[in-house]
Amino acid sequence: MTDSSPGMLRLPRDFYARKAIEVAPELLGRYLVRNVGGKQRVGRIVEVEAYLGPHDRAAHSSKGVTPRTRVMFGPPGHAYVYLIYGMHHCMNVVVDREGEGAAILIRALEPVHGIAARTQGPALLCKALEIDRRLNACDLTGRDLYLAEPDEMSAFKVVRRPRIGVDYAGAWARRLLRFYIQGNSCVSRP
DNA sequence: TGCACGATGAAC
DNA sequence: TTCATCGTGCAC
């Protein structure tokens, strides 16, 4: 599999420059591609969570622009990668317009190519794809890390649920902003 | 300068 | 249910 393979067609910046609520379910079924050490690791996105902006109390951007959230407020089509619990990494894709502070957390992948480790959780998939803070602010239209169009998208049903681990966010914790592919065995918490 | 707390995962 | 482990944001 190479950069020119049909399945490795990068999603353009325009894809990301839309509302998080709109982009999130469209990430399902698409590929996350990581080039590391000359080898390619490809996973199919099966679970995501949308974080809408500063008004969304569960979003990191609700703190406003800080050294950490700066990337979330930046232009769309970039990776927002952060360290959680002092030991795990989580990866988001920045969406919407610059300044909106919206991003989508990638929560689970189905291994497609070059992946041996488990990918059914936001920290597990980062570990499997060697994604850490060095990739924070990485341009997703570049070659190290990007999203791609699969050769053909199989049909599936999308399930909407409350987001995981954001109970502190009051009413925002109950919003149905988690999306996953119904019945997929790689979803972190079906 | 100190401190409470995680958008998690693993063990018990 | 408990715990590992440290960067971040905010209080003092």
Side-chain angles (χ1 to χ4, degrees), chain A residues 16 18-28 30 32 34 41 43-74 76-96 99-111 115-138 140 145 147 158-181 184-190:
Chain A
Y16 303 99
R18 297 176 291 144
K19 290 293 171 192
I21 199 85
E22 185 180 345
V23 179
E26 292 187 27
L27 292 184
L28 299 176
R30 297 204 147 89
L32 179 62
R34 169 81 170 116
R41 302 183 192 183
R44 179 171 174 254
I45 298 172
V46 299
E47 178 184 358
V48 298
E49 283 179 1
Y51 289 86
L52 309 189
H55 57 294
D56 177 354
R57 285 187 52 207
H60 289 173
S61 55
S62 65
K63 302 281 187 186
V65 181
T66 68
R68 179 171 71 152
T69 65
R70 181 177 48 82
V71 178
M72 262 187 100
F73 285 96
H78 291 258
Y80 165 50
V81 182
Y82 65 92
L83 182 67
I84 186 67
Y85 297 107
M87 64 192 100
H88 302 299
H89 293 276
C90 290
M91 181 204 158
N92 296 249
V93 300
V94 176
V95 299
D96 209 329
E100 293 294 323
I104 297 163
L105 172 69
I106 311 295
R107 283 197 58 91
L109 302 176
E110 176 184 310
I115 298 177
R118 286 170 303 157
T119 52
Q120 45 193 295
L124 284 173
L125 74 87
C126 282
K127 187 179 177 189
L129 270 60
E130 292 186 32
I131 295 169
D132 59 34
R133 287 186 306 162
R134 288 172 297 186
L135 286 168
N136 187 37
C138 170
L140 296 175
L145 180 67
L147 271 64
V158 177
V159 180
R160 292 186 60 159
R161 290 283 182 274
R163 294 170 293 186
I164 302 293
V166 295
D167 291 345
Y168 57 83
W172 281 95
R174 296 188 287 277
R175 293 281 300 271
L176 303 179
L177 294 173
R178 174 174 174 241
F179 304 81
Y180 63 83
I181 293 179
N184 190 282
S185 62
C186 295
V187 170
S188 66
R189 292 170 61 171

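Chain letters run A, B, ... following the sequence lines, proteins first, then strands; residues in each count from 1.
- A straight line from CG of A:D167 to P of B:dG6 spans 10 Å, rounded to a whole angstrom.
- A heavy-atom distance below 4.5 Å is not found between the side chains of A:I106 and A:P122.
- Residue A:R44 is tested with A:T119, A:L109, A:L28, A:N184 for a side chain to side chain contact (heavy atoms under 4.5 Å, CB included); the sole match is A:N184.
- Atom P of nucleotide B:dT8 and atom CZ of A:R163 are separated by 12 Å, given to the nearest angstrom.
- Across the protein-nucleic acid pair, A:M87 atom CE and C:dA4 atom C1' stand 4 Å apart, rounded to whole Å.
- In this structure, A:Y51 places its OH atom 13 Å from P of B:dG6, rounding to the nearest Å.
- Nearer the 5' end of DNA chain B, as judged by each residue's closest nucleotide, is the contact made by A:I84, out of A:P122 and A:I84.
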Identify all pairs in which a protein N or O lies below 3.5 Å from an N or O of nucleotides 1-3 of chain C, and state each distance.
none

Could you write out each protein N or O paired with an N or O of nucleotides 8-12 of chain C at a distance under 3.5 Å?
residue, atom, partner, partner atom, Å
C:dG9, OP1, A:T66, OG1, 2.2

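- Every stem involving DNA chain B, taken as at least 3 paired positions in a row under the Watson-Crick or G-U wobble test at 3.5 Å, is listed here: B:1-6 with C:6-11, B:8-11 with C:1-4.
- Contact between the side-chain N/O atoms of A:R118 and the OP1/OP2 oxygens of B:dG9 is not found at any separation under 4.0 Å.
- Side-chain atoms of A:R34 come within 3.5 Å of backbone atoms of A:L129 as a donor-acceptor pair (strictly under, hydrogens ignored).
- The neighbour count for A:R30 CZ, taken as heavy atoms of other residues, nucleotides or ligands under 6.0 Å away, is above 12.
- Between the CD atom of A:Q120 and the C1' atom of B:dT8 there is a distance of 13 Å, given to the nearest Å.
- Counting only distance, with no hydrogens or angles, the side chain of A:D56 and the backbone of A:A58 share a donor-acceptor pair below 3.5 Å.
- Contact of the A:R189 side chain with the A:R161 side chain is not registered, since no non-hydrogen atoms from C-beta on lie closer than 4.5 Å.
- A:R160 CZ: more than 12 foreign heavy atoms inside a 6.0 Å radius.
- Side chains of A:F73 and A:P54 form a contact here, defined as non-hydrogen atoms less than 4.5 Å apart.
- Using a 4.5 Å cut-off on side-chain heavy atoms (C-beta onward), A:R68 and A:K63 make no contact.
- With hydrogens and angles disregarded, no donor-acceptor distance shorter than 3.5 Å links the side chain of A:T69 to the backbone of A:M72.
- In this structure, A:R163 forms a cation-pi arrangement with A:Y51, its terminal cationic atom sitting closer than 6.0 Å to the ring centre and no more than 45° off the ring axis.
- Panel note: side chain A:R107, backbone A:E49; no donor-acceptor pair is recorded below 3.5 Å.
- Atom CD of A:E47 is separated from atom C1' of B:dT8 by 13 Å (rounded to the nearest Å).
- The residue A:L105 sits close to a base: some heavy atom pair falls under 4.0 Å.
- In this structure, A:A58 reaches the bases: a heavy-atom distance under 4.0 Å links it to at least one base atom across the strands shown.
- Here A:M72 lies in heavy-atom contact (under 4.0 Å) with a base.
- Rounding to whole angstrom units, OH of residue A:Y85 and C1' of B:dC5 are separated by 8 Å.
- Taking atom CG of A:N92 as the reference point, atom P of B:dT8 lies 11 Å away to the nearest angstrom.
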